[in-house]
*Asks:* 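A single structure is presented below for examination.
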Amino acid sequence: MSFAWTRLVGSESFRLTAIFTAAICVAMLVLMALVYAITHEALQNELFSAIDRDIAAIKSGYRSQGISEAREVVNQHLYHGASSDFLLLETSWGKKLAGNLPPMTPRLGKVFMELPPQASAGSHQSRHILGEGLMLAPGLYLFDGRDLDLVHDAEEDELAAFLWVLLVSLGLATAGGLVLSHLFLARMDDITETCRAIMEGRYADRVPERGAGDELGRLVGTINAMLDRISGLMENVEQISSDIAHDMRAPLTHLQHHLENALSEARNEEAYRGAIEQALGETERLLAIFHALLKIGQLEEAIDVRTLPRLNLSHLLEEMADIYRPVTEDSGHILAVRVTPELWVHGDRTLLAQLIANLIENARAHTPSGTHITLHAEAASSEVVMMVCDDGPGIPQAERERVFRRFYRLERSRTTPGTGLGLPLVAAIVRYHGGSIELDDQAPGLMVRVRLARA
Amino acid sequence: MKILLIEDDDQTASYVGAALRKDGHWVERASGGAQGLSFAGSGVHDLLIVDRMLPELDGLQVVKELRARGSKLPILFLTTMSGIHDRVNGLEGGADDYLTKPFALAELLARVNALGRRLERSGAEVQTVLRAGPLEVDLLTQTVRRQGQPIDLQPQEFRLLEYLMRHAGQVVTRAMLLENIWQLHFDPGTNIVESHMSRLRAKLNRGFETPLIQTVRGAGYVLRLD
Ligand SMILES: Nc1ncnc2c1ncn2[C@@H]1O[C@H](COP(=O)(O)OP(=O)(O)OP(=O)(O)O)[C@@H](O)[C@H]1O
Ligand SMILES: [Mg+2]
């Protein structure tokens, strides 16, 4: 618990709550001070307007019937009025004529006085009186005042109420802040918990999604989506590595069998030599597979194709056709080139040459003799479209996506030599150049269409 | 030839060193970039073999440093399969040829001999007519004669013959032909070299008894001088 508490106090949300609460308190204090000042003013005004009414009555009594009437009004007032009223009518030489205050030296205007306890009957406390002194007539002094303690009491009540309001709102703000912080922290804990679980190898764990609408909910959603993507990639990598392991096992097993056979069967140097040469051939093939895999792996990440040199693709296609013409003729294929001149792209010559070589190679290796192979290239708005077509058996629609997987080969190609890495490498080269590739039906035959940005 | 081999891996160094010695070369080995540079400073070597991956000073820096010092020694650069840019970097850095590890020994020996030959030839004036045995190739008129008889070749066949003539009497590998004639720096699945070669051979041999181009098993081809 104490651990949770220190964490709570240390948390960002707690600091925010504290700042917020402090701000509320300051605002409330300012407001209360203002209200206090206004009520104080209003109470005093009220007090003086009551005094003014009294004085006006006494004045009019004096004017109509003289001193005796003034004394009468004062006495009447004291008789009927509240015990908080204090009046004094005296001559300016200190002779009290009426009132409930002891005679005093006349003071004019707003007067504040403190009355000792014994001076007023029935009170053991000194009283604070605020009032007004004036000369009713030459030689005739009148003081009319009110007990200020009443005003003070009202103001004290007001302050007490303010204090309570302040305390309650402070409590509410703090409690609310703490509860909110706690909820927030709980959701952060969810995230931490899940991350830790994933670090420990529980890759299927996800952050629980509560309150999907808010920022935190969105963050959680994004984190989960990211985790889904990562686990997708990981499955892909696992798939690829198990594919690789599987596909490498066959040639390695062959190699092992040949060597074992040679060891037990070979009788003379010539037989040994033959076996070793065969084994060398097999290791070379294995290395070629590794080489292709490494190349594909390195091309996985796309680059900014404009950093690559400009290259005349039309030229490269013509050259590749010249290089491949004899070998295609030898296998009875007919190679033709229909290329618009001066098509420029940004590209790595070695990689693009390999791309074209692999496609020509496929059109030759997976089709019967007599098949026509055509290299096309033309400009299409901002792109160069390059096509390698043949009128052989083609690739069925359902298989067109799968042939891009590493080691995938059609059933009918089982006996043709090859590793199933040609098209994956082609796709990786296209991706590296920021282009796109699609396989289409040439009816009959296969059309491979590659689009690259024009330079 | 006196060869300086800069290679940190003991196994590769002894394997390569033994093969070179067996082929008649004298081999000195440096196991790091800095040591390699100081050995190369002695000036006794005819050729350098530099591995790309070296501790401290890497192979590319060694090559650049040597060229910066004005060395004209032929350099063969050894790269690994996992560096697609190593070849270009190596050649731009000043290497004369490159070889991707792992390589066949026959490939290495053929390249070393070709580089050594280049050394002998350098300084000779530009030739416009190449002669080897009964063959004569005129580079300006693009004509070929065998014992005076004209032979009609296609452009690709002509380029192939020209390269063989320049390396007459030497073994040239398939990869050397692909790289130097057609700028193909990868191993194409089919034997495209064989197809060109058989056409060239057929044309050169028409009406003659002795074949001029020999196949060397497991290595490549050689244009005979005799
Ligand atoms: N032009 C084509 N016509 C018919 N089928 C094709 C064609 N090109 C490819 N294929 C099919 O797609 C499969 C995958 O081709 P890919 O180039 O990836 O591998 P491969 O040619 O079998 O081997 P590798 O190219 O590694 O030597 C081939 O095995 C073949 O079944
Ligand atoms: Mg293929």
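Reminder, nothing fancy here: chain letters follow the sequence lines and each chain counts from 1. Not measured: the values here are computed from a predicted model.
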*Asks:* Counting only heavy atoms not in R412(A), do more than 12 fall under 6.0 Å of its CZ?
*Replies:* yes
*Asks:* Does D152(B), at its CG atom, have more than 12 non-hydrogen atoms belonging to other residues, nucleotides or ligands within less than 6.0 Å?
*Replies:* no
*Asks:* Which region of E277(A), side chain (C-beta onward) or backbone (N, CA, C, O), has a non-hydrogen atom less than 4.5 Å from a non-hydrogen atom of chain B, or is it both or neither?
*Replies:*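 The answer is the side chain of E277(A).
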*Asks:* Can you confirm whether R310(A) is buried at CZ, in the sense that more than 12 heavy atoms of other residues, nucleotides or ligands lie under 6.0 Å from that atom?
*Replies:*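 Yes.
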*Asks:* More than 12 heavy atoms of other residues, nucleotides or ligands under 6.0 Å from CE of M53(B): is that the case?
*Replies:*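 Check fails, neighbour count at 12 or below.
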*Asks:* Calculate, to the nearest 0.5 Å, the distance between atoms OG1 and NE2 belonging to T100(B) and H291(A) respectively.
*Replies:* 5.5 Å
*Asks:* So, R364(A) side chain and T190(B) main chain: donor-acceptor pair closer than 3.5 Å or not?
*Replies:*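 No: the side chain of R364(A) does not pair with the backbone of T190(B).
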*Asks:* Less than 4.5 Å to any heavy atom of chain B: does that hold for the side chain of Q354(A), its backbone, both, or neither?
*Replies:*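 Looking at Q354(A), backbone and side chain both touch chain B.
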*Asks:* With heavy-atom distances below 4.5 Å as the criterion, would you say the side chains of N191(B) and V327(A) are in contact?
*Replies:*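 Not in contact.
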*Asks:* Taking the basic N atoms (NZ, or NE/NH1/NH2) and the acidic carboxylate oxygens, is any pair closer than 4.0 Å for D322(A) and R159(B)?
*Replies:* no
*Asks:* Would you say that S195(B) contacts Y324(A) through its side chain, given a criterion of any heavy-atom pair below 4.5 Å between the two side chains?
*Replies:*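 Heavy-atom side-chain distance check fails, nothing below 4.5 Å.
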*Asks:* Return the option, out of L280(A), L351(A), T350(A), with the maximum number of heavy-atom pairs under 4.5 Å with chain B.
*Replies:* T350(A)
*Asks:* How about K203(B): does its NZ atom have over 12 heavy atoms from other parts shown lying under 6.0 Å from it?
*Replies:* yes
*Asks:* Would you call K295(A) and F186(B) a side-chain contact if the rule is heavy atoms closer than 4.5 Å?
*Replies:* yes
*Asks:* Side chains of L287(A) and P102(B): does their closest heavy-atom pair fall under 4.5 Å?
*Replies:* yes
*Asks:* Could you give the distance from CG (L184(B)) to CE (M320(A)), rounded to the nearest 0.5 Å?
*Replies:*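 Reported to 0.5 Å precision, the distance equals 5.0 Å.
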*Asks:* What do you reckon, is CZ of R338(A) surrounded by more than 12 foreign heavy atoms closer than 6.0 Å?
*Replies:*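 Atom CZ in R338(A) is not packed in, count stays at 12 or less.
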*Asks:* Chain A heavy atoms under 4.5 Å from Q154(B): which part of the residue, side chain, backbone, both or neither?
*Replies:*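 Neither the backbone nor the side chain of Q154(B) comes within 4.5 Å of chain A.
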*Asks:* At a heavy-atom distance under 4.5 Å, which candidate from H185(B), Q156(B), R199(B) has the highest pair count against chain A?
*Replies:*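 That would be R199(B).
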*Asks:* If I measure from the heavy atoms of chain B, does A357(A) come under 4.5 Å with its side chain, its backbone, both, or neither?
*Replies:*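 It is the side chain, since no backbone atom gets that close.
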*Asks:* May I ask you to test the E194(B)-D330(A) pair for a side-chain heavy-atom distance under 4.5 Å?
*Replies:* no
*Asks:* L57(B): what forms a side chain to side chain contact (heavy atoms under 4.5 Å, CB included) with it, not counting sequence neighbours?
*Replies:* L37(B), Q61(B), V62(B)
*Asks:* R349(A) and Q183(B): which non-hydrogen atoms are nearest, and at how many Å?
*Replies:*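 Closest approach of R349(A) to Q183(B), heavy atoms only: NH1-O, 2.8 Å.
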*Asks:* So, do R325(A) and H196(B) sit near enough that their side-chain heavy atoms are less than 4.5 Å apart?
*Replies:*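 R325(A) does not reach H196(B) side chain to side chain.
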